Number of protein chains: 4
Amino acid sequence: MRVKDFSKIDLVFKSTLKLIKSQGIAGITMSKIAKESSLATGTLYIYFKNKEELINALYHKIEKDASARFVSGFNPELPFKQCLKTVWVNYLKHRINFHEESIFMEQYYYSSYITLAQKQLAEEMKKPVYDIINRGKEEGFITKKIESEMLFSAMIGFIRELADEHTENRYMMINNRIDQAFELSWKMITN
Amino acid sequence: MRVKDFSKIDLVFKSTLKLIKSQGIAGITMSKIAKESSLATGTLYIYFKNKEELINALYHKIEKDASARFVSGFNPELPFKQCLKTVWVNYLKHRINFHEESIFMEQYYYSSYITLAQKQLAEEMKKPVYDIINRGKEEGFITKKIESEMLFSAMIGFIRELADEHTENRYMMINNRIDQAFELSWKMITN
Amino acid sequence: MRVKDFSKIDLVFKSTLKLIKSQGIAGITMSKIAKESSLATGTLYIYFKNKEELINALYHKIEKDASARFVSGFNPELPFKQCLKTVWVNYLKHRINFHEESIFMEQYYYSSYITLAQKQLAEEMKKPVYDIINRGKEEGFITKKIESEMLFSAMIGFIRELADEHTENRYMMINNRIDQAFELSWKMITN
Amino acid sequence: MRVKDFSKIDLVFKSTLKLIKSQGIAGITMSKIAKESSLATGTLYIYFKNKEELINALYHKIEKDASARFVSGFNPELPFKQCLKTVWVNYLKHRINFHEESIFMEQYYYSSYITLAQKQLAEEMKKPVYDIINRGKEEGFITKKIESEMLFSAMIGFIRELADEHTENRYMMINNRIDQAFELSWKMITN
DNA sequence: CATGAATGAGCATTCATTCAT
DNA sequence: CATGAATGAATGCTCATTCAT
């Protein structure tokens, strides 16, 4: 018997993401996904119950991968500022290098596919950043007078905007701009 | 001869936005828009050449309205900080009060509806903010060492994130938080 | 505005019946019905919510028409035997002349389309025959010792079998055979 | 080499019949049959060339079994009335106890599966009853003035109707009703 | 202008059948 | 033989668009 080939799942994810990039989440159809993956439409239904589950599975996979990237190269032994910069830069680079995925996630977030449970899960992705902010407060780098949510928003919003400008080729994130941007963030959140 | 009833256009826009809010841009159909507007589908085609043009027209209308809101209450005679705060708060409030519109605009931006010309037009919406930043540089409030794009991203990204958190009921933008957030932005961009 | 053309419903019924005759209830598809009716598939969905409702509506229509035919030419003023013969012959002729319909109704009865309510409705079609049997009992023609259900089964089963034999060209229901068959039924149910 | 496991064929027949009972002949699919039989779909194609042949084989098997049941307990040495009653009751009980099979056979008869040859074969099943009728005519019990087809229809139709009423729980075939019904048949066909 | 019936291409999904293991 | 993954034509149904009224 031919055995289930789970590598097909990754292939389908890749094709779907490519299609979403070029035509938006509204533009994808099962037959386009099948064709882009060089599979028969029926085959998609062996690996995914239906279109909705395919989209959901893609969302979960991307979320999982993204979480892993945020903490890559992170070493809590290092001094606080270095730790923060690692996560800060990881987040910026993730959003630049995986822009398709980021766009998909945002479209998904405001689509009828998402469920409440999934929204809550998405919240958990923020935890590493909050952890850093709290460490900064404990170590006295960050003022305790400002709520973490606000500091979080200031950093994350900045990063997101920079990444989008970069991706749209309006303002490229070359290395010294990255450093400068981080210092700006640092200046804002520190005493 | 009856004349084209332009109030219908607003009605259609309102219905479409309502539908996009609840079902995402992928979920809208011409017949849903017609029903929500209490019109016949054929009538939609009197006012809009096709679905794409309807969506595009909606985008333009929203963009125009938004631009107007950004400068509401703006008086260049006032001192710089007050001017900046007016625009800053306008932008935040716009994004909170017209969240549906903001979501639509972002979904639209990454859909196959948008054209290059429209992307360029969207850029022009940023002009009032850039104008303020430049005035700040001239008046010596804002350091000239940092590029305006970066300062822009820091402010706009922060505002966007705050507004989204508010809309998702995670971190509400009560008045003193607005003031605090603005001061944070001010601290970052000023010398 | 083009106005809903309810004659299309009869056209669809006719086409569907024709298809069921040649391919069985299992063989019908919406696109076959559309093609046979010279309509677009979408048009079918203007008049019927879905395939199931189309089939159900056809069943109801046939049932209604059949009921009308059973009592055609029936005059309760006439002597009992003549009354019985009218209904008896009506039933036989109905089953011969509307054999397609009869076959459809039986296939429908044992399909997953039918509901309990519809089964009960089908029972009511038997009422005219039971009424006659009861009159026969009251007027002393039919023995009261035998339950009406049994007398009903004897007559109806006989008729059904004769009609089927006729339709399959195995034993044709020419006039004197009809008379003879009725006399056989009469002999059985009378004292 | 493993050898074709013919017990699987019976298993498949049983499963198919069960499915047809609950969902009608239109509702069966190869994968449902496979699942109900705890087999792989591919395995079905080892035993049956395709779906049509599976259905046809089932028809033949049922027909064969039915024929055997009709003459069970039949002893031509016994007096005519007893012989007739044996066959008559066998037929009734068959139709009650194997109602699923009977329903299948009728749906099959008016489906696109059946061929002319099979229709002719089905005719042969009637032979035992015709044989009895002819013996009755020779022995003087049954009038020769009435064609055997008509007598056959009268008996078979009656039986079929009684069995259906029983199966639908409308008129149960308890023993004294069976006797009474046979006597009614007997009265009709005898002089 | 306004209507909504009519159209048919296109969609998500199913299913008989094949085939690699 | 047995399996069930793979196929792709076919199905029920939707939807943007047209058109007769």
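Letters go in sequence order (proteins before strands), and every chain restarts at 1. Remember, it's a predicted structure, so these values are computed and weren't measured experimentally.
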Please give, in whole Å, the distance from dA16(F) C1' to Lys35(B) NZ? 16 Å
What is the distance, to the nearest angstrom, from the CZ atom on Phe48(B) to the C1' atom on dA2(E)? 15 Å
Rounded interatomic separation in angstrom, taking CG from Leu11(D) and P from dA2(F): 12 Å
Which of these nucleotides, dA16(F), dT3(F), dA12(E), is closest to any side-chain atom of Met30(B)? dA16(F)
For atom NZ of Lys51(D), decide whether the heavy atoms of other residues, nucleotides or ligands shown that lie under 6.0 angstrom number more than 12. yes
Would you say Ile103(D) and Ile20(D) make side-chain contact, with heavy atoms under 4.5 Å? no
Would you check if Phe48(C) and Ile9(C) make a side-chain contact, meaning some heavy-atom pair closer than 4.5 Å? yes
Measure from the side-chain heavy atoms of Ser31(C) and tell me the nearest of dG8(F), dA20(E), dT11(F). dT11(F)
Testing dA6(F), dA2(F), dA9(E) for proximity to the side chain of Lys8(D), the answer is dA2(F)
For Leu54(D), answer base if it contacts any base atom (sugar-phosphate contacts may also be present), sugar-phosphate if it contacts only those atoms, and nothing otherwise; contact means non-hydrogen atoms under 4.0 Å. nothing
Give the rounded distance in Å between these two atoms: CG of Leu44(D) and C1' of dG4(F). 12 Å
With respect to the phosphate group of dT7(F), does any side-chain polar atom (N or O) of Thr43(A) fall under 4.0 Å of OP1 or OP2? yes
Residue pair Asp164(A) / His99(A), side-chain heavy-atom distance below 4.5 Å: yes
Hey, which of these two, Thr41(C) or Thr41(D), hits DNA chain F nearer its 5' end, going by closest nucleotide? Thr41(D)
Pick the nucleotide of DNA chain F nearest each of Arg2(C) and Ser38(D); which residue has the one closer to the 5' end? Ser38(D)
Leu39(B), nearest nucleotide to its side chain (from dA16(F), dT3(E), dA6(F)): dT3(E)
If you check the Lys51(B) side chain, which of dA6(E), dT17(F), dA9(E) turns out closest? dT17(F)
Residue pair Gly42(D)/Gly42(B) against DNA chain E: nearer the 5' end by closest nucleotide is Gly42(B)
Looking at Lys49(D), does any N or O in its side chain come under 4.0 Å of the phosphate oxygens OP1/OP2 on dT17(E)? no
Among the nucleotides dT7(E), dA6(E), dG12(F), whichever has the atom closest to the side chain of Ala40(C) is dT7(E)
From CD1 of Ile33(A) over to P of dT13(E), roughly how many Å is that when rounded to an integer? 10 Å
Steps toward salt bridge (Lys or Arg N to Asp or Glu O under 4.0 Å) verdict (Asp10(A), Lys14(A)): CA-CA 6 Å; Asp10(A) 278 340; Lys14(A) 210 177 133 193; over 6 Å; no
Please determine whether the number of non-hydrogen atoms from other residues, nucleotides or ligands lying under 6.0 Å from atom NZ of Lys119(C) exceeds 12. yes
Asn50(B) atom CG is separated from dA9(E) atom P, nearest whole Å, by 19 Å
What integer distance in Å separates Asp5(A):CG from dG4(F):P? 17 Å
Could you tell me whether the phosphate oxygens of dT7(E), OP1 or OP2, come under 4.0 Å of any side-chain nitrogen or oxygen in Tyr45(C)? no
Would you tell me if any nitrogen or oxygen in the side chain of Tyr47(D) comes within less than 4.0 Å of OP1 or OP2 on dC1(F)? no
Return the value, rounded to whole Å, for the distance between atom CD1 of Ile28(D) and atom C1' of dT14(E). 15 Å
Looking only at the side chain of Thr29(A) (C-beta and beyond, no hydrogens), which of the listed nucleotides dA6(F), dC11(E), dA9(F) gets closest? dC11(E)
Partner nucleotide of dA20(E) by Watson-Crick or wobble geometry (both distances under 3.5 Å): dT3(F)
